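Beneath this line is the structure, given in structure tokens, with notes to follow.
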Amino acid sequence: MPLETATSGSSEVLPADWQAHLGQEFHADYMQRLKMFLRAEKDAGKIIYPHSSDWFRAFWLTPLSDVKVVILGQDPYHGPGQAHGLCFSVRPGVRPPPSLKNIYKELATDVRVEPVDHGFLENWAKQGVLLLNSVLTVEQAKAASHQKQGWEQFTDRAIDVINQHCEGVVFLLWGSYAQKKASAVDSQKHLVLHAPHPSPLAAHRGFFGSRHFSQANAWLESRGDVPIDWQLPLAHALE
């Protein structure tokens, strides 16, 4: 998706139900400033991750009507070949980063899934797990380089749309950043679960043993919804 298309308000930017609620954002002043920033970065020869065709991939893989679970990240991965538009996820063939490895450890103890040798989480997204970063782009090798340029306002609005227009969504908020970003979510209407971040620096302070995955499925089943199959396919099945 070219830079112009991605921030122009085109009907092709988002799937129809997201577009109905977020389409007007592309005409807002903050989004126009973001477009200018991204264009300037590109014109300066800087490498931006993920590719522009993947900026809104989380929304395409998980339409608003399908959202069951929300997992919030902060920024895309900034190494070559890693980011593809879903938080915590990396492309097939890319080694899973440390935080994702810890997510896998908690999955194994919580819901007894078999370990996999990749970090590609699209299978979750297709089941209704919105894997949303707060900031949707980053410069190569410069973590947090695109923060406070406008993306946060856009993704805040996306969370607000879910809060208002969906029922019974599970929010898995890992770490203070995610917890602050979703602080306005109605916990009477949705299931909001907090835990430390799964990074190696924090996971032992309560992420391990949080049992968020089984709690999410128990909540969904109690509402008559189909639970998430957290078991990811093996790498050879992705080829």
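Small disclaimer: the values here were computed from a predicted structure and weren't measured.
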- Aromatic ring centroids of Y177 and H194 under 6.0 Å? no
- Could you walk me through whether R223 and E167 pass the side chain to side chain contact (heavy atoms under 4.5 Å, CB included) check? CA-CA 10 Å; R223 294 176 48 82; E167 296 287 339; 3.7 Å; yes
- Going from OG on S210 to CZ on R205, what distance comes out if it is rounded to the nearest 0.5 angstrom? 14.0 Å
- Message: Would you say N133 and Q74 are linked by a side-chain donor-acceptor pair, where the criterion is simply a distance under 3.5 Å?
- Response: no
- Among H84, E122, Q82, which one satisfies side-chain hydrogen bond (donor to acceptor under 3.5 Å, both in side chains) with S89? H84
- Go through the side-chain N and O atoms of S52 and K42 and say whether any donor and acceptor fall under 3.5 Å apart. no
- Message: Rounded at 0.5 Å granularity, tell me how far CD in E25 sits from CE in M31.
- Response: 7.0 Å
- Query: Ion pair present between D156 and K181, side-chain N to carboxylate O less than 4.0 angstrom?
  - Reply: yes
- Item | Hphob cluster co-occupancy, L172 + V226, side-chain heavy atoms under 4.5 angstrom | no
- How close do L136 and P50 get, heavy atom to heavy atom, and via which atoms? O-CD, 3.3 Å
- In terms of hydrophobic clusters joined by side-chain contacts under 4.5 Å, are V138 and L86 together? no
- Item | Heavy-atom pair of closest approach, residues E152 and V135 | OE2-CG2, 3.4 Å
- Item | Residues R91, D54: salt bridge by 4.0 Å N-O rule | yes
- Task: Heavy atoms only: give me the nearest L38-I48 pair and the separation to one decimal.
- Result: O-CD1, 4.1 Å
- Test log, rule side chain to side chain donor-acceptor pair (under 3.5 Å), inputs E221 and N217: CA-CA 6 Å; E221 289 181 306; N217 276 353; over 6 Å; no
- Message: Would you say F207 ends up clustered with L201 if hydrophobic residues are merged whenever their side chains have heavy atoms under 4.5 Å apart, either directly or through other cluster members?
- Response: no
- Assess whether side chain to side chain contact (heavy atoms under 4.5 Å, CB included) is satisfied between L64 and I162, documenting all intermediate values. CA-CA 7 Å; L64 180 62; I162 296 168; 4.0 Å; yes
- Query: Do the two ring centres, one from Y104 and one from F213, sit under 6.0 Å apart?
  - Reply: no
- Item | Reference residue F88; test side-chain contact (heavy atoms from CB on, under 4.5 Å); the match among P96, P97, P198 | P198
- Query: Which atoms form the tightest heavy-atom contact between A184 and N163, and what is the distance?
  - Reply: O-ND2, 3.5 Å
- Mind checking whether S199 and N102 have side chains closer than 4.5 Å, heavy atoms only? no
- Note on the structure: Only one of I159, V69, L191, L193 passes side-chain contact (heavy atoms from CB on, under 4.5 Å) with F171, and that residue is I159
- Query: Could you walk me through whether F59 and V13 pass the side chain to side chain contact (heavy atoms under 4.5 Å, CB included) check?
  - Reply: CA-CA 9 Å; F59 298 96; V13 177; over 6 Å; no
- side chain to side chain contact (heavy atoms under 4.5 Å, CB included) between V170 and K68, worked out: CA-CA 6 Å; V170 183; K68 295 179 177 180; over 6 Å; no
- About how many Å separate CD1 of I47 and CD of Q140, when rounded to the nearest 0.5 Å? 4.0 Å
- Task: Examine the side chains of W174 and H212 and answer whether a donor and an acceptor come within less than 3.5 Å of each other.
- Result: yes
- Query: Do D229 and Q127 have side chains that get closer than 4.5 Å, going by heavy atoms?
  - Reply: yes
- For residues T137 and W151, is any side-chain donor paired with an opposing acceptor at under 3.5 Å? yes
- Is the centre of the Y49 ring less than 6.0 Å from the centre of the H78 ring? no
- May I ask you to test the L130-I71 pair for a side-chain heavy-atom distance under 4.5 Å? no
- Message: Could you tell me if the side chain of Q149 sits less than 4.5 Å from the side chain of M36, heavy atoms only?
- Response: no
- Listed by chain and number, what are the ring pair (Phe, Tyr, Trp, His ring centres under 6.0 Å) partners of F208, not counting sequence neighbours? H204
- Assess the pair F26 and W18: is the distance between their ring centroids shorter than 6.0 Å? no
- Message: Minimum heavy-atom separation for E106 and R211, please, with both atom names.
- Response: OE2-N, 2.9 Å
- Note on the structure: Here the pair of heavy atoms bringing L72 nearest to C87 is C-SG, 4.2 Å
